[in-house]
J.: 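One structure follows; several queries about it will come next.
Atom set for the values below is all heavy atoms of this structure, side chains included, hydrogens, waters and symmetry mates excluded.
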Amino acid sequence: MSTMIPLDQFQQLRHVDAIIEKAADSWWVYRRNIGYNGALSATARVVFFGRSKAQVEQWLASQ
């Protein structure tokens, strides 16, 4: 006898974030979703904008 466990209980990582510096006081966080097959989405979206890298890193830590 075998037990079936849904895949979504194992998949914990659902997106990848990248911090991009656009200017000296402009830091953007881009997010790309990870599909159920493990492939990254072709497009990224901006999920946060900050005036300093520390502000962006603090926001990421709170997520």
Side-chain angles (χ1 to χ4, degrees):
M1 183 161 87
S2 65
T3 303
M4 299 292 288
I5 298 174
L7 177 63
D8 62 350
Q9 290 183 359
F10 290 101
Q11 185 179 9
Q12 295 179 5
L13 188 62
R14 303 228 185 248
H15 58 266
V16 174
D17 294 330
I19 300 172
I20 307 294
E21 180 182 9
K22 294 291 188 176
D25 63 346
S26 178
W27 296 80
W28 298 23
V29 177
Y30 284 91
R31 179 168 288 170
R32 293 177 66 188
N33 291 332
I34 299 174
Y36 286 103
N37 61 355
L40 284 174
S41 64
T43 58
R45 60 189 169 102
V46 176
V47 293
F48 185 76
F49 169 81
R51 294 285 180 194
S52 68
K53 188 172 183 181
Q55 182 183 16
V56 170
E57 288 174 345
Q58 181 182 16
W59 180 83
L60 281 173
S62 70
Q63 296 298 304

J.: Would Tyr30 end up clustered with Phe49 when hydrophobic side chains under 4.5 Å apart are linked, directly or stepwise?
T.: yes

J.: Please report the interatomic distance CD(Glu21) to OG(Ser52), rounded to the nearest 0.5 Å.
T.: 10.5 Å

J.: Would Trp59 end up clustered with Trp28 when hydrophobic side chains under 4.5 Å apart are linked, directly or stepwise?
T.: no

J.: Are Val56 and Ile20 connected, step by step, through hydrophobic side chains (Ile, Leu, Val, Met, Phe, Trp, Tyr) whose heavy atoms are closer than 4.5 Å?
T.: no

J.: Return yes when atom CD of Gln58 has more than 12 non-hydrogen atoms of other residues, nucleotides or ligands closer than 6.0 Å, and no otherwise.
T.: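 Not more than 12 within 6.0 Å, no.
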
J.: Report the distance from atom CZ of Arg51 to atom CG of Asp25, rounding to the nearest 0.5 Å.
T.: 5.0 Å

J.: Measuring from Leu60:CG to Lys53:NZ, what's the distance to the nearest 0.5 Å?
T.: 10.5 Å

J.: Show me the donor-acceptor pairs, under 3.5 Å and distance only, between side chains in residues 41-48 and residues at least two apart or in other chains.
T.:
| unit_1 | atom_1 | unit_2 | atom_2 | d |
| --- | --- | --- | --- | --- |
| Ser41 | OG | Asn33 | N | 3.3 |
| Ser41 | OG | Thr43 | O | 2.9 |

